[in-house]
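Accompanying notes for the structure given below.
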2 protein chains.
Amino acid sequence: MIKADERREEIADYVIKLGQVRIDDLVEHFGVSRMTIHRHIDRLAQQGVLRKLHGAVTVQPSGLYESAFRYRVTVNRAEKDALARAALDYVEAGQVVMLDDSSTANAVATLLLDVKPLTVVTNSVSTAALLINVDDLDFICLGGQYHGTYNAYIGIVCENAVAQLRANVLICSASAVTGTTAFIQDPNVVRVKQAMMAASVKRILLVDHAKFDRIALHVFDDLTSFDAVLVTEGLGDAQAQSLERAGVKLRIVKTKAS
Amino acid sequence: MIKADERREEIADYVIKLGQVRIDDLVEHFGVSRMTIHRHIDRLAQQGVLRKLHGAVTVQPSGLYESAFRYRVTVNRAEKDALARAALDYVEAGQVVMLDDSSTANAVATLLLDVKPLTVVTNSVSTAALLINVDDLDFICLGGQYHGTYNAYIGIVCENAVAQLRANVLICSASAVTGTTAFIQDPNVVRVKQAMMAASVKRILLVDHAKFDRIALHVFDDLTSFDAVLVTEGLGDAQAQSLERAGVKLRIVKTKAS
DNA sequence: GCATGTTGACGTTAAATTCACATAAAGATA
DNA sequence: TATCTTTATGTGAATTTAACGTCAACATGC
């Protein structure tokens with residue numbers, strides 16, 4: 001409920017203020033059971049706000065800027081989580097995974113911590129904050145010009161950096177989809193994403209069904225270019241069948257948390 | 001994991017206080033087994049805080065690592081601030097400034113906020129955190145493989161990214177200086193710094209005088225390659241004159257806070 | 001090659017975390 | 001109001017994990 005959210009926010013603020021806190025300190029400070037504290041911080045860790053250690057929690061290492069985004073919450077969180085979980089089917093331990101700057105891919109990053117060892121490549125600052133200093137995980141950040149709107153590095157420097165690399169799998173998202181075409185609003189972002197497509201063996205697109213039948217300024221790519229297009233449930237049967245007939249490897253993901 | 005962290009911090013404090021301690025003293029002082037002490041100091045040595053000798057540990061002389069503990073951040077703070085303030089003389093509004101991953105350059109970044117508009121380029125995550133979302137400041141992050149010890153992106157990806165850019169001025173530091181040669185400990189870091197040298201019109205080196213008459217593993221560059229070498233006061237007159245005779249554009253910076 | 005310091009493998013212990021279940025509170029529905 | 005559902009919390013056992021110690025093999029010679 002609301003009360004739990006407030007409590008979580010209090011916990012996050014407390015941990016962020018102190019940098020690192022022992023679980024028992026939290027138990028004492030908030031006067032609740034250890035189990036409850038665990039449940040709260042598990043959720044905060046899922047959101048990427050905190051990181052759990054044995055016996056303590058810390059803020060994400062680059063908490064400086066992460067804190068500004070820490071409650072940039074959860075528009076369609078359930079959908080993103082469902083897509084992210086489904087996307088794990090396309091990742092195996094030991095692979096090189098490329099993630100774009102979408103919040104959906106960011107959700108994937110939190111789950112990737114369970115698929116180590118891995119090499120992860122991204123241009124997203126939020127995702128970088130999640131993956132820095134994780135053991136058994138080789139992290140490569142794509143540099144470039146910082147763009148606050150996307151909280152990511154983009155531009156020529158970024159495109160060239162991508163072109164030097166090869167990933168087993170790319171997990172990305174799009175602004176809008178109409179017919180079998182995916183769109184992206186920003187011209188510089190679309191170039192980075194297209195470079196990522198070219199640098200990846202397998203390509204997975206994650207899109208909320210609400211993005212269908214919309215357009216954005218720039219064409220990203222055709223849905224048939226992806227090895228899998230994961231969409232949240234809610235797409236009409238007729239539309240789904242039409243996409244599959246067009247050769248799109250469509251997969252509908254159930255949102256409901258089992 | 002947490003208890004071990006605290007124990008490691010205690011050990012580090014103890015060693016730093018005494019300068020050099022025998023392992024058996026640590027065993028006795030902390031009442032744990034020799035093996036445990038070894039494990040702790042191995043980790044501290046890996047973090048660059050301590051150095052292992054046979055039968056003893058000393059503090060690591062080169063105060064270059066950003067990553068570790070709270071006291072490390074404040075080591076030689078006054079010197080770094082003085083150098084950073086002096087370095088501002090070489091930066092003008094509107095220029096492109098490149099900063100390396102040193103904590104000294106990070107100190108410069110905090111002061112650059114008063115020289116806007118600027119374009120700043122760096123591979124340091126700490127510095128990136130400072131400069132993200134600053135108005136009137138174009139920020140370009142150099143990507144690459146993340147290295148926790150330096151809290152920076154390094155490696156081939158980073159070197160190539162640097163090679164694409166040109167900066168008006170580079171502000172950087174070194175691990176050690178002997179004669180007219182500057183050294184860097186890490187082979188990958190030195191390559192990034194050398195790429196930065198090649199990509200910059202003007203080059204400024206900032207070094208604490210305590211780093212003189214020491215060496216590190218890799219040769220970075222000759223002091224005469226820099227357009228200015230800023231050193232904190234404490235260098236002997238004879239040594240200063242000798243450097244100037246060798247063609248080094250030396251500038252002694254007073255540490256005393258006004 | 002001796003004495004001392006160091007490393008690695010393994011087992012033990014203590015602790016943290018998770019799980020299953022029970023309880024309590026808040027909302028919804030009729 | 002009564003009761004039914006949903007959500008938050010607590011309890012204690014079961015499981016997992018980390019820290020440490022011991023001993024034996026190895027390396028080194030501040």
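Numbered from 1 within each chain, the chains take letters A, B, ... in sequence-line order.
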(message) Just the rounded figure in Å: distance from P of dA8(D) to CD1 of Ile11(A).
(response) 13 Å
(request) Assign each of His54(B) and Arg39(B) to its nearest nucleotide of DNA chain C by heavy atoms, then name whichever residue's nucleotide is nearer the 5' end. (result) His54(B)
(message) In this structure, how many angstroms lie between the P atom of dA3(C) and the CD1 atom of Ile23(B), rounded?
(response) 21 Å
(message) Without decimals, in angstroms, what is the distance between Leu53(A) CG and dA18(D) C1'?
(response) 12 Å
(message) In this structure, how many angstroms lie between the C1' atom of dT4(C) and the CZ atom of Arg34(B), rounded?
(response) 9 Å
(message) Check this for me: does any side-chain nitrogen of one of Asp101(B) and Lys193(B) sit under 4.0 Å from a carboxylate oxygen of the other?
(response) yes
(request) Check the distance between dA15(C)'s P and His38(A)'s NE2 and give it to me in whole angstrom. (result) 15 Å
(request) Please determine, for dG27(C), whether a Watson-Crick or G-U wobble partner exists with both distances under 3.5 Å, and give it or none. (result) dC4(D)
(message) Quick check on DNA chain D: between Ser33(A) and Gly31(B), whose nearest nucleotide comes earlier from the 5' end?
(response) Ser33(A)
(message) Without decimals, in angstroms, what is the distance between Arg8(B) CZ and dA18(D) C1'?
(response) 11 Å
(request) Check whether any side-chain N or O of His40(A) sits under 4.0 Å from OP1 or OP2 of dT9(D), and answer yes or no. (result) yes
(request) Send over the distance from Asp24(A) CG to dA15(C) P, rounded to a whole Å. (result) 11 Å
(message) Looking at Asp24(A) and Arg34(A), is there a salt bridge between them, counting it only when a charged N and a carboxylate O are closer than 4.0 Å?
(response) yes
(message) Would the distance check show the side chain of Thr255(B) and the main-chain N or O of Glu79(B) forming a donor-acceptor pair, the cut-off being under 3.5 Å?
(response) no
(request) Could you check how far CE of Met35(A) sits from C1' of dA16(C), rounded to whole Å? (result) 12 Å
(request) Both distances under 3.5 Å, Watson-Crick or G-U wobble: report the partner of dT7(C), or none. (result) dA24(D)
(message) If the cut-off is 4.0 Å, is Lys52(A) near the phosphate of dT17(D), judged by side-chain N/O to OP1 or OP2?
(response) no
(request) Consider only side-chain N and O atoms of Thr180(B) and Asp222(B), and report whether a donor and an acceptor are under 3.5 Å apart. (result) yes
(request) Indicate whether OP1 or OP2 belonging to dC20(D) is found under 4.0 Å from a side-chain N or O atom of Thr36(B). (result) no
(request) Output yes when Asp89(A) and Arg251(A) qualify as a salt bridge under the 4.0 Å nitrogen-oxygen rule, no when they do not. (result) yes
